[in-house]
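In what follows, a single structure is set out as structure tokens and then discussed.
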Amino acid sequence: MVNIEEFLTRSAGEALAALYGEKAQGAPIQIQKTRKEFQGDYTLVVFPLLKASGTGPEQTAQAIGQWMQGNAQQVSGFNVVKGFLNLSLSDEFWAGRLAEIRQAEGFGQLPATGKTVMVEYSSPNTNKPLHLGHIRNNLLGYSVAEILKACGHKVIKANLVNDRGIHICKSMIAWLRYGNGETPRSSGMKGDHLVGKYYVEFDKHYKAEIKELTAAGSSEEEAKKNAPIILAAQDMLRKWESKDPEVYGLWEKMNGWVYEGFDATYKAMGVDFDKMYYESQTYMLGKELVGQGLEKGVFKKDPDGSVWIDLTADGLDRKLLLRSDGTSVYMTQDLGTAYERFREFSLDDLVYVVGNEQNYHFQVLKLILSKLGYAWADHITHLSYGMVELPEGRMKSREGTVVDADDLMEEMVATARQMSEELGKVDAADAAEAEKVGRMVGMGALKYFILKVDPKKTMLFDPKESIDFNGNTGPFIQYTHARIRSVMRKAAEAGYKAEVAAGTPLLEEERRLISQINDLPAAIGAAGENFSPALLANYAYELAKTFNGYYHDHSILHEADPAVRSMRLALAERCAATIARAMGLLGIDVPEKM
RNA sequence: GGUUCCGUAGCUCAGUUGGAUAGAGCAGCAGCCUUCUAAGCUGCGGGUCAGGCGUUCGAACCGCCUCGGAAUCACCA
């Protein structure tokens, strides 16, 4: 038996059939966990069954409770509160459940579905380093991919790097003019930061030139168009497109620096990819789909040669698919890459982790694909996440309020180290270990802080609060894990074994803990279905919190009864493993000591 | 104006398909380290779930309307 709720639903169904016969056919049976304030483990809501029973809620609940207690051996007792039948399951049942979970090979890994899912995330531009917004993207993407794996799917993590276009040319021009040949090696800067520096440099000079031009009498509009430096960047883009060797070489060199920098950031963040895509190689995809669309009459060509789709009937607008000069746009490219991916990997689902500023884009993308007749359009999911705001408002690069990803991670780790020092947690003997733990805790705080929030919501990132390690935080959960592991080490030293003997009595909190552990697969399933790591984050917190309360009130190692002690050890060990599993799916490491 | 999303305690957020008296954390106050890790535990105060109408035995959750906020609607990506 794996699913307790399923079993109780079945048993309640039998009770209904026995008590009320035909009338009870198809009556909705609602089993849910009993709320903490009431006695019992699971609750049957009897209101929907009153039609079948023809009696009041209390009598109905009473009758069903009696039948179940008499006929289902796992049901040890019941009580009725208004229309709620609270069922208690026997200690034997719960102990058996714990024993089963301990033996289950793949607990926390759902059976293989045979489905292949691609998760695209990160997808950075190569003209500047990653910032706070990217952190949310990367953490979400990685975690969702891991959760989908745990749901039994085959998962391909993809990253589509935007490595071409005017923005990278801006950095290139600025570097050529003002860089004096500076390299990551010569400057000691990370490659992405170096290139980002010249992107800012470009903007500075661009603005200065605009100012000059307007002072000389041009309109703002003209100045923006005619500033020499922007003309130079545009010229460079044309040269890039015609594969001018000099420009192409510089482009490759500077992108190479950026990739080295990104790799370091990804590594620090703990995210990875199975498949890299580069826009420079995919931007021409999708043109054949335009041809198809024209044939099917889904797309229309304007007199100037540009191709459009009219979506006004769907409450949207006209959307461009091909410019009048025949070149493609973002949408065209995305249609093409989606098509290619489904074809190449026989995908069942494709998930894009992209900010909510592109909701419209993905709405249109899916609509166009289904108008072209592709059934798999429905298997595209835009995992849209909200912006990360700072206490002083949105991040604005102009106002210098951008929170750099590398800086933030370093700061979190440094604070974690300082904190553990203040708490006297570091034994001088093992500096390397302290270093590792500091990284785990600092990163754990950051990751948990971001992942515990529902992805689609705009969230506030308060650096002061994120660095708080008390309460509903990653470090609290990590701490609970470390504490259990410490008990396990001491138990091993004392020669105590963790095992569950039949007939060991259980406390209320112990039954609750087993029940929570038992919910892990359900929590993973729900997180996968909703693409929401937040569900798992909150699950892990609840479990850790319950354990901490239990741990405070009942001793494990000092328990005199060997059978009870063994059972408690087994339970604690399972708690630690469950916490580790849930946190692992969030990309958060849990230390053995902290 | 169209589309999509959000609005829950002073602040940051949970609330899984409609269920019992709406929950945590932070901040504030009061306690608890001679005992398995105090990054912890216990208690107190704090709510018109933006507002209204409807559906239902029952609504924070579903439907309609209003108010407030965000994103987006380029021959940019």
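Everything numeric in this text was worked out from a predicted model, so none of it was measured. The sequence lines fix the lettering, A, B, ..., with proteins before strands; numbering per chain opens at 1.
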Problem set entry | For RNA chain B, the dot-bracket pattern of Watson-Crick and G-U pairs whose distances stay under 3.5 Å, | for other-strand partners | (((((((..((((.....[...)))).(((((.......))))).....(((((..]....))))))))))))....
Exercise. How far does the C1' atom of B:A9 sit from the matching atom of B:A22, given to the nearest Å?
Worked result: 11 Å
Problem set entry | RNA chain B-proximal residues of residues 44-60 of chain A, any heavy atom under 4.0 Å | A:V45, A:F47, A:P48
Exercise. More than 12 foreign heavy atoms under 6.0 Å from NZ of A:K224: is that the case here?
Worked result: no
For this session: Could you give the distance separating B:C49 and B:A60 at their C1' atoms, to the nearest angstrom?
Result: 5 Å
Problem set entry | Between B:C53 and B:C13 - C1' atom distance, rounded Å | 30 Å
Shorter than 3.5 Å, N or O on both sides, protein versus nucleotides 64-69 of chain B: list them out with atom names.
none

Seminar exercise, completed: A:M459 atom CE is separated from B:U12 atom P, nearest whole Å, by 11 Å
Exercise. If you measure from the C1' atom in B:G47 to the same atom in B:G54, how many Å do you get, rounded?
Worked result: 24 Å
For this session: Would you kindly give the CD-to-P distance between A:Q30 and B:G58, to the nearest whole Å?
Result: 15 Å
For this session: With heavy atoms under 4.0 Å as the rule, sort A:V441 into base, sugar-phosphate or nothing.
Result: base
Exercise. Name the one of A:I309, A:V307, A:D310 that satisfies side-chain contact (heavy atoms from CB on, under 4.5 Å) with A:K319?
Worked result: A:I309
Problem set entry | Selection from B:U37, B:A39, B:U12 that lies nearest to any side-chain heavy atom of A:L460 | B:U12
Polar atom pairs (N or O), protein with nucleotides 23-28 of chain B, under 3.5 Å:
unit_1	atom_1	unit_2	atom_2	d
B:G23	OP1	A:R35	NH2	3.0
B:A24	O2'	A:Y541	OH	2.8
B:G25	OP1	A:K545	NZ	3.4
B:G25	O2'	A:N472	N	3.4

Exercise. Does the salt bridge (charged side-chain N to carboxylate O under 4.0 Å, His left out) test come out yes or no for A:K447 and A:D589, once each step is laid out?
Worked result: CA-CA 10 Å; A:K447 290 180 179 185; A:D589 295 322; 5.9 Å; no
Exercise. So which nucleotide from B:U3, B:U37, B:A20 ends up closest to the side chain of A:L316?
Worked result: B:U3
Exercise. Does A:H382 use its side chain to pair, donor to acceptor, with the backbone of A:V354 at less than 3.5 Å?
Worked result: yes
Exercise. Do any N or O atoms from the side chain of A:R417 and from the backbone of A:E435 form a donor-acceptor pair under 3.5 angstrom?
Worked result: yes
Exercise. Looking at A:K457, does any N or O in its side chain come under 4.0 Å of the phosphate oxygens OP1/OP2 on B:U12?
Worked result: no
Exercise. For the pair made of CE in A:M419 and P in B:A38, what is the distance, rounded to whole Å?
Worked result: 15 Å
For this session: For the pair A:E559 and A:R568, evaluate salt bridge (charged side-chain N to carboxylate O under 4.0 Å, His left out) and give the outcome as yes or no after the intermediate values.
Result: CA-CA 9 Å; A:E559 167 57 40; A:R568 287 184 181 175; 3.3 Å; yes
For this session: Find the distance A:D553:CG to B:A38:P and express it as a whole number of Å.
Result: 13 Å
For this session: Ignoring hydrogens and angles, answer whether the base of B:U37 and the side-chain atoms of A:K593 contain a donor-acceptor pair closer than 3.5 Å.
Result: no
For this session: Whole angstrom is fine here: how far is it from NZ in A:K33 over to P in B:A14?
Result: 21 Å
Exercise. Salt bridge or not for A:K33 and A:E5, using N-O below 4.0 Å?
Worked result: no
Problem set entry | Atom-pair distance (CG on A:L536; P on B:U16), nearest Å | 15 Å
Problem set entry | Check: A:P124 and A:N159 side chains under 4.5 Å, non-hydrogen atoms | yes
Problem set entry | A:E529 atom CD, over 12 foreign heavy atoms within 6.0 Å | no
Exercise. Using centres under 5.5 Å plus planes under 30 degrees as the test, is A:F38 stacked with B:A20?
Worked result: yes
Problem set entry | Between B:G25 and B:G58 - P atom distance, rounded Å | 34 Å
Exercise. So, the side chain of A:T34 versus the backbone of A:Y42: is there a donor-acceptor pair under 3.5 Å, distance only?
Worked result: yes
Exercise. Between A:G549 and A:E389, who's closer to the 5' end of RNA chain B by nearest nucleotide?
Worked result: A:G549
Problem set entry | Donor/acceptor link under 3.5 angstrom from A:N86 side chain onto base of B:A20 | yes
Atom pairs, N/O to N/O, protein against nucleotides 43-46 of chain B, distance under 3.5 Å?
none

Problem set entry | Between B:U42 (C1') and A:Y551 (OH): distance, integer Å | 17 Å
Problem set entry | N-O pairing of A:R318 and A:D302 below 4.0 Å | yes
Exercise. With respect to A:Y385, which candidate in A:D454, A:T458, A:N137 satisfies the side-chain hydrogen bond (donor to acceptor under 3.5 Å, both in side chains) definition?
Worked result: A:N137
Problem set entry | Conformer about C1'-N of B:C33 - syn within 90° of 0, anti elsewhere | syn
Exercise. How would nucleotides 71-77 of chain B be written as a contact map, 5' to 3', with B for base contact, S for sugar-phosphate-only contact and - for no contact, using protein heavy atoms under 4.0 Å?
Worked result: SSS-BSB
For this session: Would you indicate what A:T480 reaches in the nucleic acid, counting non-hydrogen atoms under 4.0 angstrom: base, sugar-phosphate, or nothing?
Result: nothing
Problem set entry | Passing candidate, side-chain contact (heavy atoms from CB on, under 4.5 Å) with A:L369, options A:D378, A:I380, A:D334, A:V364 | A:I380
For this session: Provide, to the nearest angstrom, the distance between the CD1 atom belonging to A:I467 and the P atom belonging to B:A39.
Result: 18 Å
